[in-house]
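Input: a single structure, listed below in structure tokens.
Please read all numbers here as calculations on a predicted model, not as lab measurements.
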Amino acid sequence: MDIPPLAGKTAAMSLGALPLSYVLNQVSAFSQPLCAVLMSTLILGLLFMAVYSLSHGEITYDPLYAVFVLFSFTSVVDLVIALQEDGYMVGFMDFYTKEGEPYLRTAHGIFICYWDGTVHYLLYLAMAGAIRKRKRYRNLGLYWLGSFAMSLLVFLPGNILGKYSSEIRPAFFLAILYMLVPCWAGVKIFSQSHAPTSYTPNMEEQKKGILQRPADLVIVMCLVLAAFFTLFRGLVVLDCPTDACFIYIYQYEPYLRDPVAYPKLQMLVYLFYALPFYCLAVYALIFPGCSWLPDWALVFAGAIGQAQFSHMGASMHLRTPFTYRVPEDTWTTFFLSNMLFALGPHLLAFRCLWWPAFFMQSPPLEPQGQSKKQQ
């Protein structure tokens with residue numbers, strides 16, 4: 001897979017968020033919730049007009065270019081918010097975290113900002129650079145799509161259902177509009193053609209059973225263990241009365257009891273969306289010809305990567321009350337189990353990218369009588 005170049009102009013434009021956020025933070029008029037959301041909307045509107053006028057050719061070629069440039073700007077803002085909340089920066093986004101989206105000051109919100117300001121930011125630069133060079137970025141786009149959708153699935157409902165539900169401000173409704181982005185972007189990315197490949201269905205490989213393919217067997221085992229772990233944690237947050245669930249939630253992951261609601265929602269999303277995918281992925285690895293798996297494996301890897309980063313970070317962050325943090329004597333167990341949980345989908349995505357022939361459907365066999373006539 002070719003790695004698209006990073007877009008230098010997009011990076012330069014996105015870094016304009018630093019002086020802009022500092023200046024706005026010094027103006028006391030923006031300390032009102034309505035002013036904060038109006039100014040955010042105005043800035044994004046002006047930025048879109050600037051991108052459209054300066055990069056009309058790229059937007060005509062692919063409208064997602066404007067989305068990636070705008071979101072690279074917001075990614076820098078999110079990184080500034082995370083660094084400020086952790087005490088590494090001062091005087092940049094206080095007005096927005098206090099009057100715009102106060103739930104960004106939670107441990108979960110901080111780690112969402114870290115992920116958006118690093119991983120998403122690099123993806124935006126790479127995809128914008130690919131569009132400028134007229135190169136493909138489908139695989140990166142699928143990974144970003146899964147990651148972006150997962151963050152919204154947990155963060156937005158968590159703001160409504162958790163203890164910060166009484167602090168919903170007008171800026172929250174601006175965030176709801178972001179839900180339309182992955183829907184539209186997903187349609188655009190999935191409609192892009194696959195990269196030309198010289199691979200043909202490997203009949204010999206497809207005839208082998210799962211026991212004759214050690215690499216696939218390891219991935220299947222990882223996915224099966226992850227499926228059981230998903231089911232178990234789903235039962236834990238649903239207040240299963242068994243001793244195992246009671247011990248786990250109090251001694252290993254007390255963060256699942258945090259009233260912010262993000263961890264409980266995360267486990268429920270895993271239970272109702274990740275668990276069925278694990279089962280389908282195991283089926284696709286055992287039986288050849290499931291051509292749908294490579295694309296969805298990338299989407300799923302992005303979703304699990306973002307979710308586990310935010311969940312693991314928030315479980316140990318100082319903003320999480322001490323009683324809900326992972327106990328120090330179980331850090332190793334917690335860290336290893338959650339890292340392995342995130343590793344399985346990424347191994348699956350790597351398998352699909354580098355050995356795609358197994359997932360191609362074999363051409364239909366010609367009837368025996370017809371082949372004799374041709375002879």
Side-chain angles (χ1 to χ4, degrees), residues 78 81-82 85-87 97 101-119 147 150-167 225-275 278 303-345:
D78 282 344
I81 290 175
E85 293 302 318
D86 276 342
T97 55
E101 297 187 75
Y103 28 81
L104 289 176
R105 309 180 76 179
T106 63
H108 187 85
I110 289 172
F111 275 90
I112 278 184
C113 289
Y114 273 126
W115 182 269
D116 190 49
T118 53
V119 176
S147 175
M150 177 62 84
S151 65
L152 293 180
L153 277 174
V154 175
F155 190 59
L156 293 183
N159 298 335
I160 299 174
L161 301 175
K163 67 179 183 181
Y164 283 86
S165 59
S166 61
E167 298 191 32
L225 290 175
F228 279 110
F229 193 45
T230 299
L231 178 61
F232 175 71
R233 290 202 292 185
L235 294 175
V236 167
V237 299
L238 290 174
D239 298 326
C240 178
T242 62
D243 291 341
C245 293
F246 180 84
I247 292 172
Y248 185 82
I249 200 170
Y250 279 94
Q251 296 186 11
Y252 291 92
E253 281 198 61
Y255 179 57
L256 297 178
R257 298 186 294 114
D258 195 325
V260 292
Y262 303 122
K264 179 173 288 189
L265 279 169
Q266 186 66 76
M267 296 306 111
L268 292 178
V269 170
Y270 282 163
L271 182 63
F272 293 111
Y273 294 96
L275 182 58
Y278 281 131
I304 297 297
Q306 187 280 330
Q308 284 299 103
F309 177 83
S310 301
H311 178 72
M312 292 174 65
S315 297
M316 298 182 286
H317 195 267
L318 294 178
R319 286 288 174 90
T320 298
F322 180 78
T323 54
Y324 300 128
R325 279 183 236 156
V326 178
E328 292 186 9
D329 57 342
T330 59
W331 273 6
T332 302
T333 303
F334 168 80
F335 188 80
L336 289 178
S337 60
N338 279 273
M339 283 297 295
L340 290 174
F341 183 81
L343 180 63

Find out whether F229 and L225 are in side-chain contact, i.e. whether some heavy atom of one side chain is under 4.5 Å from a heavy atom of the other. no
Output a table of donor-acceptor pairs, distance under 3.5 Å, between side-chain atoms of residues 244-253 and any protein atom two or more places apart or on a different chain; print 'none' if there are none.
unit_1: Y248; atom_1: OH; unit_2: E253; atom_2: OE2; d: 2.3
unit_1: E253; atom_1: OE1; unit_2: H311; atom_2: NE2; d: 2.7
unit_1: E253; atom_1: OE2; unit_2: R233; atom_2: NH1; d: 2.9

Show me the donor-acceptor pairs, under 3.5 Å and distance only, between side chains in residues 255-272 and residues at least two apart or in other chains.
unit_1: D258; atom_1: OD1; unit_2: V260; atom_2: N; d: 3.1
unit_1: Y262; atom_1: OH; unit_2: N159; atom_2: OD1; d: 2.4
unit_1: Y270; atom_1: OH; unit_2: Q308; atom_2: OE1; d: 2.7

If every non-hydrogen atom of P345 is compared with every non-hydrogen atom of Y278, which pair is closest and at what distance? CG-OH, 3.8 Å
S151 side chain near S310 side chain, heavy-atom distance below 4.5 Å: no
Value for CG (D78) from CH2 (W115), rounded to nearest 0.5 Å, stands at 14.0 Å
For the residue pair W331 and M316, establish whether any side-chain heavy-atom pair is separated by less than 4.5 Å. yes
Please tabulate, for the side chains in residues 103-114, all donor-acceptor contacts under 3.5 angstrom to protein atoms that are two or more places apart in sequence or on a different chain.
unit_1: R105; atom_1: NE; unit_2: E85; atom_2: OE1; d: 3.4
unit_1: T106; atom_1: OG1; unit_2: Y103; atom_2: O; d: 2.7
unit_1: T106; atom_1: OG1; unit_2: G109; atom_2: N; d: 3.0
unit_1: Y114; atom_1: OH; unit_2: D86; atom_2: OD2; d: 2.6

Sidechain-backbone polar pair: T320 side chain, R325 backbone, donor-acceptor under 3.5 Å: no
Could you tell me the separation between the CG atom of L343 and the CG atom of N338, rounded to the nearest 0.5 Å? 12.5 Å
